[in-house]
Amino acid sequence: MRITNKIMQNNNLTNINNNKIMQDKLSTMMSTGKKINRPSDDPVIAIRALRLRSNVTEVTQYFGKNIPDAESWLDVTEGALKNNAQIITNMIGQCTKGANGDLTSKDREIILEQLKALRDEIYSTANVDYAGRFVFAGYRTDTSIGFLAADDTQYTITEQLDNSAIDSMTFIKTTAVANGNVVDINDINQTNYADIEVMEADVTKVEVHRIRLAYNNLNDGMVPTITRVTGKDAAGNITTEDVVNPVNVCHSYEVPTAYELASQNPDEVYFIPETGEMVLGENVYSKMMTYKDAANTATANEGEIRITYQKNEWQKGDLRPEHYYACTAEDKDGNVIDYNEEYLKGTDAEKQVIEYDVGFNQTIRINTTADECFEPGVGREVDDLINVLGEVQGLEEVAGKLTSMLENETDDAKRTTLQLRLKAANKALSYAKDKMQRMFEGGITAMQGYLDANNLALTNCGTRSSKLELIENRKRDQKTTFETLQSENEDIDITDVIIHMKSAELTYSAALMATGKVAQTNLLNFI
């Protein structure tokens, strides 16, 4: 084959262009720091780069955003639970003081004020939020645990209890019938003591059984219902039966009281709207204590007792029922919202668990719900202690008045009457102090139970934090590993590229020189 000058020139120009392309490629690699600019440069590197970039983006989302957000949520929760534990511990301390039978009236006033303040602080702690979201509210993170202001929304609430919710308390009777009228020893004053025919024998005490509902100051327009779960029908619906029908409404200011009536009528139940108590007659109590969950049924709890009632007067700090119970809310415009209907279907309702994605196919729970640590029973326990303290203080005032009147009285007949009244007052006071001591002792046990529940929630929160820390460490290592692999796959070895670039520059220069010499020679030079 004859090689002409034209062929040589074309070959030289092609080689010069190839050298220039290589030089441009290396120059681009130097300026970008990457091995390829487009997938066609190296499809294998391109495919691997897409996979590694996806891995790095995913791990960065978990490590840089999800995990820190979850940590912050858990930190806020843990802080609130620790504060709650301290408050309940202080309550236990106050109950321990109150169980001392040698307290003065001033001591009891101090305990009373401390308990009120601690109760309010507990429910304030329940409203703690993170970035505007209430951390103990389950899915309803825009709804506070307690009412932030007075409210008149009417709630129809169904509490689901068992017979462990039935407790006993001492009722002290300080009334008698004089001249056809019911009189109370607490009504004594300077002018009517001679008419108060309450003798020492009239002061008695009796143990009564009750169910203390989650709220007080309830509606008396709706008589509560008490039903018991009996199982499920063929369609799978829960079946119930009335425990007692009807329930009797008896206000706290009425005489005889609900406690006295229940002690006299064993087949009746009395509802006290002001205190939120269901006082049980002895036969009703005995019947309810036999209710137990049947071992052969897994979809219904035959030991469950349901009490349905209404409340529409809410004070600041009262707990919202939707965080605890199946209930229906109706505002003044007639708008109705049903909450937690699944609680009444007989299956274990899932808690409103909030989980964060912290890894591929891996989640972690970050929230603690209010019913795990901020139970309504804490406030109701304090209400009981406040009431019994008030009862003791009231009887102390009566005894003090009678003592003062006796010291100033000179008439023997009147002194005899005063002495009889004073004996009755002292007997009632003795009963009340004994009741107070036992209720404070019971308060220690109850508060310890709430503290245990809070500590369990705190432990669970700490366990999640520890687990999250391990996940964070693993994600940090994964992030470093993937970023290293990504760099090795995409980034150039700058030393190697510089060497190749210098070589390309030298080759390019040599090609230009060779082409210049060849271009000077033509066919005439060989003739």
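From a predicted model like this one, the values you see are computed outputs, not experimental measurements. Throughout, numbering of the chain's residues begins at 1 and tracks the sequence.
Note on ring orientation: taking the six-membered ring where Trp is involved, the planes of Tyr130 and Trp73 are perpendicular (angle over 60°, cut-offs 30° and 60°).
Sorted by first and then second residue, the salt bridge (charged side-chain N to carboxylate O under 4.0 Å, His left out) pairs involving residues 368-384 (not counting sequence neighbours) are Arg119-Asp383, Arg210-Asp384, Arg212-Glu381, Arg212-Asp384, Lys351-Asp371, Arg365-Glu372, Arg380-Asp383. Among residues at least two apart or in separate chains, there is no salt bridge (charged side-chain N to carboxylate O under 4.0 Å, His left out) pair with a member in residues 450-463.
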(request) Tell me, with the steps shown, if Glu341 and Lys345 meet salt bridge (charged side-chain N to carboxylate O under 4.0 Å, His left out). (result) CA-CA 7 Å; Glu341 290 179 293; Lys345 294 180 180 178; over 6 Å; no
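In the model, Tyr324 has no side-chain atom that pairs as donor or acceptor with a side-chain atom of Glu159 under 3.5 Å. No hydrogens or angles considered: nothing links the side chains of Ser72 and Asp75 as a donor-acceptor pair under 3.5 Å. At a cut-off of 3.5 Å, with distance as the only test, no side-chain donor of Asp331 or Thr153 sits close to an acceptor on the other residue. Side-chain contact annotation: Glu322 with Tyr155, donor-acceptor N/O pair under 3.5 Å present. Between the side chains of Glu313 and Asn217, no donor N or O sits under 3.5 Å from an acceptor N or O. There is a side-chain donor-acceptor pair under 3.5 Å between Asn90 and Gln86. Side-chain contact of Asn84 with Tyr450: a donor-acceptor pair under 3.5 Å is absent, judged by distance alone.
Glu241 and Lys287 are not joined by a salt bridge, as no carboxylate oxygen comes within less than 4.0 angstrom of a charged side-chain nitrogen.
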